[in-house]
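First the structure, in the form of structure tokens, and then the observations on it.
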Amino acid sequence: MLWPLCIWVSLFLISITTWVYKWRNPKCRGKLPPGSMGLPLLGETIHFFKPNTTSDIPQFIKERVKKYGPIFKTSLVGRPVIVSTDSDLSYFVFQQEGRCFQSWYPDTFTEIFGKQNVGSLHGFMYKYLKHMVLSLFGHESLKKMLPEIEKSACKKLELWSNQDSVELKDSTASLIFDLTAKKLISHDPEKSSENLRENFVAFIRGLISFPLDIPGTAYHKCLKGRERAMKMLRNMLQERRDKPRENPSDFFDYVIEELKKEGTILTEEIALDLMFVLLFASFETTSLALTLAIKFLSQDPSVLKRLTEEHEAILRNREDAHSGLTWKEYKSMTYTFQFINETVRLANIVPAIFRKALRDIQYKNYTIPAGWAVMVCPPAVHLNPDKYQDPLVFNPSRWEGSESTNASKNFLAFGGGMRFCVGTDFTKVQMAVFLHSLVTKYRWEEISGGNIIRTPGLQFPNGYHVRLKKKEIQRNLGEN
Ligand code: HEM
Ligand SMILES: *[C@@H]1O[C@H](CO)[C@@H](O)[C@H](O)[C@H]1NC(C)=O
Ligand SMILES: *[C@@H]1O[C@H](CO)[C@@H](O)[C@H](O)[C@H]1NC(C)=O
Ligand SMILES: *[C@@H]1O[C@H](CO)[C@@H](O)[C@H](O)[C@H]1NC(C)=O
Ligand SMILES: *[C@@H]1O[C@H](CO)[C@@H](O)[C@H](O)[C@H]1NC(C)=O
């Protein structure tokens, strides 16, 4: 009676031990980088997501780099991962997109963003979509949008200055969401009864959460938020198809034209997924960057002074004091661009960029096995004292004259290589135009919040509340 039990127990123990052994020592035809695979299944996921208030390199990364060096192995959300904090390896990974590496995000992301979003599409389909998106957010298109962006920024600022206090993270998010939604789907929040953005807010709360889909969990709310947003988008698309407009101008019109074409590879599902990703990618990231930018300005009067001077000079040098910002004026904002670069360097809004190795890859003395994920870690580069002197100091002037050097290898805020963020220019225009209106017409004082937390993505848990006041004495800027 006892013998069979003993045999079962020992078999069980042996298989568990082998399994744990295999987990800790993954197979590899070559030499894996050092590192620990953590607990079976869970890996080191919990350490990775542990919240911290520091703006420095995440503790997870820091500890392991110290122990194992700049390239190490780990396991996150059930996947073996090679972490790269080495800017040469990261550069190589970005350059090899589609050859040795391919875009890859954890399964929960794919589930949430839709199986056919830009991030998980490859090859031809990808190039085709990218072309569509670039035509929407490229220079020509942005030039045309400039007056509209300025108008919305002025309108919102005016509105906020009449309130006792304004929460900047949410308010800038709404400003940018409305602009993007208008561009993509001509969504007018004042006319539309349903609040599209609300669904995105529910969506974001659960984005980085444990993927347990039962009522009550953040993940469940996230999926529900996406479902509702997708339903609204689907209805809007259908409405538009039933009632085509005279002058096609937004992304919906573009999609409908494409869908009509013979032999098109675009489907309605792909178009809707893409729309969702674009709406999401645009307002959450840019509003974080803007909120942090204003926080930096509050903390550093000398930077605020210099920024204000640049923008007042633009007004002063204008022939017609009442004309709006021109593209030429936008292009002349040298210090503003340095300020924006410095803000996104320290913001580290995207703390990790994932790829998958398509075959065994030899790098320096290590092998990255086929099928493993590679995680490029922008904060480890942006906060590396060898790349940026006194990396935690906010100093826009460090970017002076950097236009001509090879800064891109050490600047990963917008990714790199073929999958470089398509919204970079859009973000810069929006930030620069908003800052222009803000510093020329308003002053502000901090009221509360403004503290940050990283999980490891940047968050403002208590928002950032300020009081905006119109500058009383508008100097006569038309005359010198
Ligand atoms: C401060 C603002 C922003 C930051 C920090 C940011 C960051 C990034 C990063 C790091 C990537 C690369 C992801 C990867 O390689 O896997 C990326 C890709 C992307 N971004 Fe942004 N982004 C910002 C604003 C925007 C805006 C405003 C849009 C909307 C137009 C946008 C749309 C996209 C899209 C569609 C991709 C995927 C591109 C591709 O896979 O080729 N982003 N972004
Ligand atoms: C946050 O990170 C810093 C350095 O990366 C570390 O010293 C500190 O202990 C961390 N705090 C928490 C609460 O983990
Ligand atoms: C690679 O290994 C060789 C011999 O073990 C060693 O001398 C060399 O420093 C290593 N190179 C790197 C980049 O680690
Ligand atoms: C900001 O960073 C980008 C990417 O490295 C670079 O191309 C650009 O010249 C920088 N801008 C300034 C003003 O330094
Ligand atoms: C910039 O980087 C490219 C690619 O790594 C390299 O070929 C080129 O020599 C670099 N230029 C400078 C000025 O460092």
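Order of appearance sets the numbers: ligands from 1, and atoms from 1 within every ligand. This chain uses plain numbering: 1 for the first residue, then up along the sequence.
Checked against a 3.5 angstrom limit, the closest N/O atoms of Asn52 and ligand 2 fall inside it. For ligand 1, none of its N or O atoms has an N or O atom of Ser282 under 3.5 Å away. Checked against a 3.5 angstrom limit, the closest N/O atoms of Asn341 and ligand 4 fall inside it. Residue Thr427 places no N or O, backbone or side chain, under 3.5 Å from any N or O of ligand 1.
Residue Trp399 touches ligand 4 through backbone and side chain together, judged by heavy-atom distances below 4.0 Å. Residue contacts with ligand 1, taken as heavy atom pairs separated by less than 4.0 Å, do not involve Gln430 at all.
Ion pairing between Lys183 and Glu148 fails under the 4.0 Å rule for side-chain N and carboxylate O. Remark: Arg240 engages Asp250 in a salt bridge, criterion side-chain N to carboxylate O under 4.0 Å. Ion pairing between Glu63 and Lys66 fails under the 4.0 Å rule for side-chain N and carboxylate O. Using a 4.0 Å cut-off between charged side-chain N and carboxylate O, Lys143 and Asp425 make no salt bridge.
Atom CG of residue Asp300 and atom CZ of residue Phe339 lie 9.0 Å apart, to the nearest 0.5 angstrom. Note that OH of Tyr335 is 5.0 Å distant from CZ of Arg306, once rounded to the nearest 0.5 Å.
Protein heavy atom closest to atom 7 (O) of ligand 2, with residue, atom name and distance, is Gln59 NE2, 4.6 Å.
Checked against a 6.0 Å centroid threshold, the rings of Phe101 and Phe354 do not count as neighbours.
Among residues at least two apart or in separate chains, ring-ring contact (aromatic ring centres under 6.0 Å, His included) pairs with a member in residues 289-312 are Phe296-Phe394, His311-His436.
Cation-pi geometry between Arg398 and Tyr388 is not satisfied (NZ or CZ under 6.0 Å from the ring centre, within 45° of the ring normal).
The residue from Phe280, Phe414, Phe426 that puts a heavy atom closest to atom 6 (C) of ligand 1 is Phe414. Residue nearest to atom 15 (O) of ligand 1, selected from Arg355, Glu97, Lys428: Arg355 (by heavy-atom distance). When the heavy-atom distances from atom 10 (C) of ligand 1 to Gly417, Cys421, Ala413, Gly423 are ranked, the shortest goes to Ala413. Considering only non-hydrogen atoms, atom 35 (C) of ligand 1 lies nearest to Val422 out of Val422, Ile349, Thr180. Here the shortest heavy-atom distance to atom 23 (C) of ligand 1, taken over Leu134, Thr285, Leu274, belongs to Thr285.
For Leu278, the closest heavy-atom approach to ligand 1 falls below 4.0 Å. Not close to ligand 1: Met431, with no non-hydrogen atom less than 4.0 angstrom away. Between Val277 and ligand 1 there is no heavy-atom distance shorter than 4.0 Å. Heavy atoms of Lys50 come nearer than 4.0 angstrom to ligand 2 in at least one pair. Judged by the shortest distance from any of its heavy atoms, Asp56 lies outside the 4.0 Å radius around the atoms of ligand 2.
Remark: ligand 1 atoms within the under-4.0 Å shell around heavy atoms of Ile353 are 10 (C), 14 (C), 15 (O), 16 (O). Of all atoms in ligand 1, listed by their number and element, those nearer than 4.0 Å to a heavy atom of Val350 are 7 (C), 10 (C). Taking every heavy atom of Gln338 and a limit of under 4.0 angstrom, the matching atoms of ligand 4 come to 13 (C).
Other residues, nucleotides and ligands contribute more than 12 heavy atoms inside 6.0 Å of the NZ atom of Lys156. The number of heavy-atom neighbours closer than 6.0 Å to CD1 of Ile46, taken from other residues, nucleotides and ligands shown, is 12 or below.
Protein heavy atoms are absent from the 4.0 Å sphere centred on atom 13 (C) of ligand 2.
Heavy-atom minimum distance, Ile353 versus Leu412: CD1-O, 4.1 Å.
Using a distance-only test at 3.5 Å, with no hydrogens or angles considered, no donor-acceptor pair links the side chain of Thr440 to the main chain of Glu312.
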